[in-house]
Engineer: 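Shown below is the structure under consideration.
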Amino acid sequence: MPELPEVENVKIQLNKKLQDLRFQLMAVEWVGKPLRKSPSAQEFHSLLGQKLLGVSRRAKYLLFRFETSILLNSLGMSGSWKANPQSTVLHDHFVFKFKNTNSDFLKLVYNDPRRFGFFEIHKTWQHLESAKNLGPEPLESEPAFLQKHLQKFFKAKTQNVKSALMNPLAVVGVGNIYASEILFHAGIRPQKNAGRLKSKQVQRLVQSLQSVLREAVDRGGSTIRDFKSLDSILGNYQDQHFVYGRASKPCRICGSPIRKTVQAGRSTFWCQHCQK
DNA sequence: AGGAAAACCTGCGTGC
DNA sequence: TGCACGCAGGTTTTCC
């Protein structure tokens, strides 16, 4: 479900909840069905007693930084977190119980209907399976560096630029919604062969990549269907979508109907007139 | 070897 | 109403 802007907002909300109060993990309760991948009870046990120092993000992964370990969480398509819910509901899978020195309690609950999400635990970031094969962070890299990197990555690729842009080795955090939006803003047709992009086009792509994602982060991400960052907080970037989910509706720039096609099994939205 | 397709799941909207 | 079908924001595996 979530791409970089949505995960970034979950991270922000979780840290707000923590408020640097140094919560110590007291218990991890498994209350639902198994996820695609999750640590053993013994691995979870190794986190007990450790303080949660904060939550970071790398690519679309949330990183819960404990004193001597990192708990990585992918939200998959439908994962979400709740803080201190009244009770357990359908599709809740893990409950993390914390306490701090003021004797404040905090309960974080992971809910995931489709169960595509997962957890990993390791001592260091480098040892996490999911940390491998990741390209640069789009919002924390210099445009010139991103351009050089993408130009090299796209070179000799026969794949279409939309699928290539979603490859985490190109740049991390771009999923199906923002790939379409970014290409629209860059004026590049999603079917375009990645290896045939001119350097000016890659430059525009980098500009759009950063401006679209930055704006989406600032607006709390896109809430289509049911994405909520934490405690039912909604994003509103969906109101800024120019193409995604707008098949046959008029283009906001030129008025011609937005087109929908399928690439590598994923829906792509684009404007035939505005994108070349 | 690169890239497409399938697989992993549940839920919801649509159309018959 | 009920049922079949298609589709959904990700990642990993399989297949060609």
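Order of the sequence lines fixes the chain letters, A, B, ..., with proteins taken first and strands second; residue numbering starts at 1 for each chain. This is a predicted model, so every value here is computed, not measured.
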Engineer: With both distances under 3.5 Å as the test, what is the Watson-Crick or G-U wobble partner of B/dC9?
Structural biologist: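 Pairing partner: none.
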Engineer: Would you say B/dT10 has OP1 or OP2 under 4.0 Å from some side-chain N or O of A/S78?
Structural biologist: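 Indeed not, no polar side-chain atom of A/S78 lies that close.
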Engineer: Under 6.0 Å from the ring centre and within 45 degrees of the ring axis: does the NZ or CZ of A/K157 meet both conditions for the six-membered ring of A/F153?
Structural biologist: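 Cation-pi check for A/K157 and A/F153: passes.
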Engineer: From CZ of A/R58 over to P of C/dT11, roughly how many Å is that when rounded to an integer?
Structural biologist: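 Checked: the CZ to P distance equals 12 Å.
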Engineer: OP1 or OP2 of B/dC9 versus the side-chain N and O atoms of A/H91: is any pair under 4.0 Å?
Structural biologist: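 Looking at the OP1 and OP2 atoms of B/dC9, neither is under 4.0 Å from any side-chain N or O of A/H91.
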Engineer: Is the phosphate of C/dT12 approached by A/K37 (side-chain N or O, under 4.0 Å from OP1 or OP2)?
Structural biologist: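 A/K37 to C/dT12 OP1/OP2: side-chain N or O found under 4.0 Å.
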Engineer: Just do the side-chain contact (heavy atoms from CB on, under 4.5 Å) check on A/F184 and A/C274 with the steps written out, would you?
Structural biologist: CA-CA 7 Å; A/F184 175 83; A/C274 296; 3.9 Å; yes
Engineer: Would you mind reading off the distance between A/Q238 atom CD and C/dA8 atom P, rounded to a whole angstrom?
Structural biologist: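 One finds 17 Å between P of C/dA8 and CD of A/Q238, rounded.
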Engineer: Would you check if A/F116 stacks with the base of B/dC9, given a 5.5 Å centroid limit and a 30° plane limit, both strict?
Structural biologist: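 It does not: the ring fails the test against the base of B/dC9.
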Engineer: Please tell me which of the listed nucleotides, B/dA4, C/dT11, C/dT12, lies nearest to the side chain of A/R266?
Structural biologist: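 Nearest to the side-chain atoms of A/R266, counting from C-beta on, is C/dT11.
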Engineer: Could you tell me how far C/dT11 sits from B/dC12 if I compare only their P atoms? Round to whole Å.
Structural biologist: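 Pairwise P distance, B/dC12 against C/dT11, rounds to 23 Å.
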Engineer: Select one nucleotide: of C/dG10, C/dA8, B/dG2, the one nearest the side-chain heavy atoms of A/K60.
Structural biologist: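 Nearest nucleotide to the side chain: C/dG10.
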Engineer: Provide the distance between the two P atoms, one in B/dA5 and one in C/dC7, to the nearest whole Å.
Structural biologist: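 Their P atoms lie roughly 14 Å apart.
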Engineer: Ignoring backbone atoms, establish whether A/K157 has a side-chain N or O less than 4.0 Å from OP1 or OP2 of B/dG2.
Structural biologist: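 The answer is no; no side-chain N or O of A/K157 sits under 4.0 Å from OP1 or OP2.
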Engineer: Which residue is it: A/W270, A/F269, A/Y178? I am looking for the one with a ring-ring contact (aromatic ring centres under 6.0 Å, His included) to A/Y244.
Structural biologist: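 When ring-ring contact (aromatic ring centres under 6.0 Å, His included) is applied between A/Y244 and each of A/W270, A/F269, A/Y178, only A/F269 qualifies.
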Engineer: Could a donor-acceptor pair under 3.5 angstrom be found where the side chain of A/R115 meets the base of B/dC9?
Structural biologist: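 No.
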Engineer: Using heavy atoms to find the nearest nucleotide of DNA chain B for A/G265 and A/R36 separately, return the residue whose nucleotide is more 5′.
Structural biologist: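 Checking each residue's closest nucleotide, the 5'-ward one belongs to A/G265.
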Engineer: Specify the separation, in whole Å, of atom CG of A/N133 and atom P of C/dT12.
Structural biologist: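 Going from CG in A/N133 over to P in C/dT12 covers 9 Å.
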Engineer: Classify the nucleic acid contact of A/L90 as base, sugar-phosphate or nothing, counting any heavy atom under 4.0 Å across all strands shown.
Structural biologist: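 Counting heavy atoms under 4.0 Å across all strands, the contact made by A/L90 is with sugar-phosphate only.
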Engineer: Looking at every strand, decide which applies to A/Y178 at a 4.0 Å heavy-atom threshold: base, sugar-phosphate, or nothing.
Structural biologist: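 Nothing: the residue A/Y178, judged by heavy atoms under 4.0 Å, touches no strand.
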Engineer: Whole-Å distance between B/dA1 P and A/N167 CG?
Structural biologist: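 Between P of B/dA1 and CG of A/N167: 17 Å.
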Engineer: Using the P atom as the reference point in each nucleotide, state the distance between B/dC9 and C/dT14 in Å, no decimals.
Structural biologist: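 Per the computed distance, 14 Å lies between those P atoms.
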Engineer: Without hydrogens or angle criteria, can the side chains of A/Q50 and A/T68 be said to hold a donor-acceptor pair below 3.5 Å?
Structural biologist: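 Yes.
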Engineer: Is the shortest side-chain N/O distance from A/Q159 to OP1 or OP2 of B/dG2 below 4.0 Å?
Structural biologist: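 So the side chain of A/Q159 is outside the cut-off, no N or O lying under 4.0 Å from OP1 or OP2 of B/dG2.
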Engineer: Figure out the CG/P separation between A/N176 and B/dA4, and round it to whole Å.
Structural biologist: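 Checked: the CG to P distance equals 14 Å.
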Engineer: Mind calculating the distance between CZ (A/F119) and C1' (C/dT11) to the nearest angstrom?
Structural biologist: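 After rounding, the gap between these two atoms is 16 Å.
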Engineer: In whole Å, what is the span from the CG atom of A/L128 to the P atom of C/dT11?
Structural biologist: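 Checked: the CG to P distance equals 14 Å.
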Engineer: Which nucleotide, C/dT12, B/dG11, C/dG10, lies nearest any side-chain atom of A/M166?
Structural biologist: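 Output: C/dG10.
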Engineer: Mind calculating the distance between CG (A/N160) and C1' (B/dA4) to the nearest angstrom?
Structural biologist: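 To the nearest whole Å, that distance equals 11 Å.
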Engineer: Would you give the length of the straight line joining atom CG of A/L165 to atom CG of A/L205, rounded to the nearest 0.5 angstrom?
Structural biologist: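 Those atoms lie 5.5 Å apart.
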Engineer: What nucleotide, of C/dT11, B/dA4, B/dG2, holds the atom closest to the side chain of A/F118?
Structural biologist: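 Of the options given, the side chain of A/F118 lies nearest C/dT11.
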Engineer: Which residue is it: A/S38, A/S74, A/S130? I am looking for the one with a side chain to side chain donor-acceptor pair (under 3.5 Å) to A/E120.
Structural biologist: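 Of A/S38, A/S74, A/S130, side chain to side chain donor-acceptor pair (under 3.5 Å) with A/E120 is met by A/S130 alone.
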